[in-house]
A.B. asks: 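The structure is given below, and queries will be raised subsequently.
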Amino acid sequence: MTAPTTPPELVQLLTPEGERVEHPDYDIDLTAEEIRSLYRDLVLVRRVDLEAVALQRQGELGLWASLLGQEAAQVGSGRAMTDADMAFPTYREHGVAWCRGVDPLHLLGLFRGVNHGGWDPIEHNFHLYTIVIGSQTLHAVGYAMGIQRDGAEAASLVYFGDGATSQGDVNEAFIWASVFNAPVVFFCQNNQWAISEPLEKQSKIPLYKRASGFGFPGIRVDGNDVFACLAVTRAALRNAREGNGPTLVEAFTYRMGAHTTSDDPTRYRVADELEAWKLKDPIERVKAYLFRNQLADQEFFDKIEAEADQLGRDLRARCLALADPQPGAMFDHVYAEPHALVDEEREQFTTYMSGFEGAQ
Amino acid sequence: MTTLTLAKALNEGLRAAMDADSKVLVMGEDVGKLGGVFRVTDGLQKDFGEDRVIDTPLAESGIIGTAIGLALRGYRPVCEIQFDGFVFPAADQIITQLAKMPLRSLGKLKLPVVVRIPCGGGIGAVEHHSESPETYFTHTAGLRVVACSNPVDAYTMIQDAVRCDDPVVFFEPKRRYWDKADVEFGAPGLPLDRARVAREGDDVTLVAYGPMVKTCLEAAAAAEEDGRSVGVIDLRSLNPLDMPVVRDAVNRTGRCVVVHEAPVFNGLGGEIAARVTEQCFYRLEAPVLRVGGFSTPYPPSRLEDHYLPDLDRILEAVDRVFGY
C-alpha cells in the first residue's frame, strides 16, 4: 500500500495503475476470489454493452445508452447491495441490472421496442428503467419510507446522473429523505456530461457537497475504482439500514461513449479529454492489480474473455430471436382491473384486425 | 343512518378504509394535525398515528413520487393535493410514472394510489383555487378518474377508490363539502365505474358530475314547473365513462345536454357528445349541447358566477335543445 495519489476529497482505494491505496475512512477486505469475481462482472457488462451498441448499429435495436466507462461505478455499487435492498435505475444501469441477476436480454428488449422492460422488478429487487430524468429518486425514497414502516433491514439505492441533480424531483427527494430519515442511498454517477452539457451547466459546487445543505452526508468516490465504489456504497447502505438516514454518493466517472447511439459527442467535447480518461479505465486497473499481486494468471483472463465472447454471441442470437409482441398486447395491463373503454377498444381492434385474415 | 356533510362522509370513508387495511396511508400537506384545509382528514392522525397519516413537505411532485414508492413496497397511499390548481407540479409523476408503470411492468406492478383533489369554483377563492383539471387526467391511459357529487357517494366511492388496484384520481367538489345527507355506514354503493341516474326524465337528459350534479337537479326541478321532464345523470366515473347508462337515457329522451365547470372546448362534454352521437344517432332529436366554463383562465371570484354554469344557463341550453 502507498499514500493516496488523489485529493483527499475523492475516495480511492485502487489507483488507475492498479495500486492499492489507503483511505482514512474507508477500506475493504476482499478475497482473491471476490476480486476475480468483480473483474469478471466488469468485463462481462462491458461486453454486453459493446454487443448492444453493435446491434443498434446493425438496426436490431432502436437505441442504446452505453455504460462504457461507468462499469466500476455500477458493479461496485451493485455488488454492495444485499438481496433485501432495492435498486432504482435510470436507463443506463446495465451493470447494476447484471448484479441484480436481470437477464441482459430484457434490457435489449426494451431498446428493441418489444416492451418497456420485461423483467420482474419484485423478483430482482431492481426497478424498471426510468427514462424521465430524476423521477425515480422519489420512488426510491417512498420505497425506503415503506421499509421504515415495515421495520425491515433494507435500504433503497437510487441511481441518477449529474444532469439529474438539477431536477426538482431530485431535490424534493433529498428533502423527503432527510426529514423522514429514510433508508436510502443516492448514487450519482457524475459522468461529466448531460448529453452535450458539461457539469458547469448544472452546478457551481462539487455535487457531493449539495448533500450538506439538505442535512445529510455527501461523499465523492472515484467512480472508476470498483473497490472504492463497493466500499463507500456498502458503508452508506449499512448506515441507512441501521437507521442513520440517507447518504449522497457522487461517483466521479466519465461517459466514454456517446449519450446514446443517437448522439455525436464530437460536436461538443474534445478528443484529449477522452484520451485522458482512457488512462483511468475501470477494468485495466483491476487487471493490473490481479496480475501484479499474482492473484490471477493469463489462463484466468483468457477464460473470462472467452466467457465474454460467448455471452455476446448468445445475447446476439437471443436478441435476433425476440419476436414482436402480438398487436393486441398493447391493450394488456393498462389497468389491473377490468376497464370498459380499454375492453371496448381491444374488441374493436380485434374485429378490425380479423378483417385482414386470409387476405393476400 | 347518520347525517353527514360531504367532507365528513369522506372522512368516515377514509377512516373505514384505514380500519379495514393497515397498508392504507394518508399523506399530503397539512393532513395530519390540522386535518386538511377542508378537514377531510380531521382526526385521522390522532387515531392512526404519524406513520399512517403523514404531513409531507410542501411539494406536490414529492407527494405523488413518494406515494408511488410506498405503493411499490405494498402500501396503499391516499394523497391529498390541497387545491386543484396545485396539482400541476405533480403532473409528471401522475401522468408519466403513476399511470404507466403497471403497463410498463407487464402487469407485475400494481399502483393502488389515490390522488384526492378538491376541485371547482364557487367559493370566492383566489386564483388557482377553483379549477377543474379533470380532462388532463381523463386523457391519460392508466388512470381512473372519478368525481363524487354527494355525501352518500363520497362515503362509498373513497373506500372503493382505496380498494381499487389501479391509480385513481378522485375529484371532490369543494363547494359541496358542506352539503349534508343521510349516510348509512357499511352500506355498499354503486361500483366505482358506474354512472347513477340522479333523476329520471322523459324529455331531455342532463349529463353532469361533481359540483354540477346539484345544479342540474335544481335546473331539472325548475324545468318541471314549465312542464318539461328533465333527467339527470351523475357520471361518477369520468374514465371510464359508463356509456350504457347515458345511452339508455338519451335513447329515451332524444335530447342531451352535458354540463361541467371545466372549459367547454376540449372538455369531457365533447367526448360525451361524440359518443352519444355515435350510439344514439337515430334517436337524437337535436345535437348534443354543452354548457361549461369559457376559454378563459378561471376569472377573479367577483366574476365567477358569470363563468360557472348556473341554473339559468342550463335552462337556456335546455330551451335551445328543444329548438331543433
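A note on names: the letters A, B, ... follow the listed sequences, proteins ahead of strands, and every chain is numbered from 1.
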A.B. asks: Got A:Asp169 and B:Asp92 here, is their nearest side-chain heavy-atom distance under 4.5 Å?
C.D. replies: yes
A.B. asks: Side chains of B:Gln93 and A:His139, heavy atoms from C-beta outward: is any pair under 4.5 Å?
C.D. replies: yes
A.B. asks: CG/B:Leu106 to NE2/A:His333 distance, rounded to the nearest 0.5 angstrom?
C.D. replies: 5.5 Å
A.B. asks: Checking heavy atoms, do the side chain of A:Val179, its backbone, both or neither come under 4.5 Å from chain B?
C.D. replies: side chain
A.B. asks: Does any backbone or side-chain atom of B:Ile54 lie under 4.5 Å from a heavy atom of chain A? Answer side chain, backbone, both or neither.
C.D. replies: side chain
A.B. asks: If you apply the rule side chain to side chain donor-acceptor pair (under 3.5 Å), what do you find for A:His339 with B:Asp166, and how did you get there?
C.D. replies: CA-CA 10 Å; A:His339 187 279; B:Asp166 291 312; over 6 Å; no
A.B. asks: Without swapping roles, check the side chain of A:Tyr143 against the backbone of B:Arg73 for a donor-acceptor pair under 3.5 Å.
C.D. replies: no
A.B. asks: I would like to know whether A:Phe331 and B:Leu103 meet side chain to side chain contact (heavy atoms under 4.5 Å, CB included); could you show each step before the answer?
C.D. replies: CA-CA 9 Å; A:Phe331 297 99; B:Leu103 175 133; over 6 Å; no
A.B. asks: Using side-chain heavy atoms (C-beta onward) and a distance below 4.5 Å, is B:Leu241 in contact with A:Leu341?
C.D. replies: no
A.B. asks: Is any residue of residues 266-283 of chain B within less than 4.5 Å of chain A by heavy atoms, and which ones?
C.D. replies: B:Arg275
A.B. asks: Please state whether the side chain, the backbone, both or neither of A:Asn171 comes within less than 4.5 Å of a heavy atom of chain B.
C.D. replies: neither
A.B. asks: Looking at B:Gln97, B:Lys110, B:Met243, which has the largest count of heavy-atom pairs under 4.5 Å with chain A?
C.D. replies: B:Gln97
A.B. asks: For the atom pair CD1 (B:Ile68) and CG (A:Leu138), what is the distance rounded to the nearest 0.5 Å?
C.D. replies: 8.5 Å
A.B. asks: Any non-hydrogen side-chain atom of A:Phe180 less than 4.5 Å from a side-chain atom of B:Pro57?
C.D. replies: yes
A.B. asks: Can you tell which of B:Thr96, B:Thr56, B:Asp193 has the highest number of heavy-atom pairs within less than 4.5 Å of chain A?
C.D. replies: B:Thr56
A.B. asks: Picking from A:Asp150, A:Thr130, A:Leu110, which has the most non-hydrogen pairs under 4.5 angstrom with chain B?
C.D. replies: A:Asp150
A.B. asks: Which bit of A:Ile131 comes within less than 4.5 Å of chain B, counting heavy atoms only: side chain, backbone, both or neither?
C.D. replies: neither
A.B. asks: What distance separates B:Leu72 CG from A:Ser156 OG, expressed to the nearest 0.5 Å?
C.D. replies: 9.5 Å
A.B. asks: Against chain A, label B:Ala67 side chain, backbone, both or neither, depending on which of its atoms sit under 4.5 Å from a heavy atom there.
C.D. replies: neither
A.B. asks: Determine yes or no for a side-chain-to-main-chain donor-acceptor pair under 3.5 angstrom, with A:Arg149 supplying the side chain and B:Asp51 the backbone.
C.D. replies: yes
A.B. asks: Strictly distance-based, threshold 3.5 Å: is any side-chain N or O of A:Glu337 a donor or acceptor partner for the main-chain N or O of B:Asp165?
C.D. replies: yes
A.B. asks: To the nearest 0.5 Å, what is the distance between CG on B:Leu58 and CD1 on A:Ile175?
C.D. replies: 10.0 Å
A.B. asks: I'd like to know which of A:Glu123, A:Met145, A:Gln148 tops the heavy-atom pair count under 4.5 Å against chain B.
C.D. replies: A:Met145
A.B. asks: Relative to chain A, which segment of B:Lys23 carries a heavy atom at a distance below 4.5 Å: side chain, backbone, both, or neither?
C.D. replies: side chain
A.B. asks: How far does CG of A:Leu128 sit from CE of B:Met101, to the nearest 0.5 angstrom?
C.D. replies: 6.5 Å
A.B. asks: What option among A:Thr137, A:Val132, A:Ile147 has the most heavy-atom pairs under 4.5 Å with chain B?
C.D. replies: A:Ile147
A.B. asks: Can you tell me how far the CG atom of A:Asp120 sits from the OG atom of B:Ser105, to the nearest 0.5 Å?
C.D. replies: 8.0 Å
A.B. asks: Using non-hydrogen atoms only, which part of A:Ala140 is less than 4.5 Å away from chain B: side chain, backbone, both, or neither?
C.D. replies: neither
A.B. asks: Out of A:Glu344, A:His127, A:Gln136, A:Met86, return the one with the most heavy atom pairs under 4.5 angstrom to chain B.
C.D. replies: A:His127
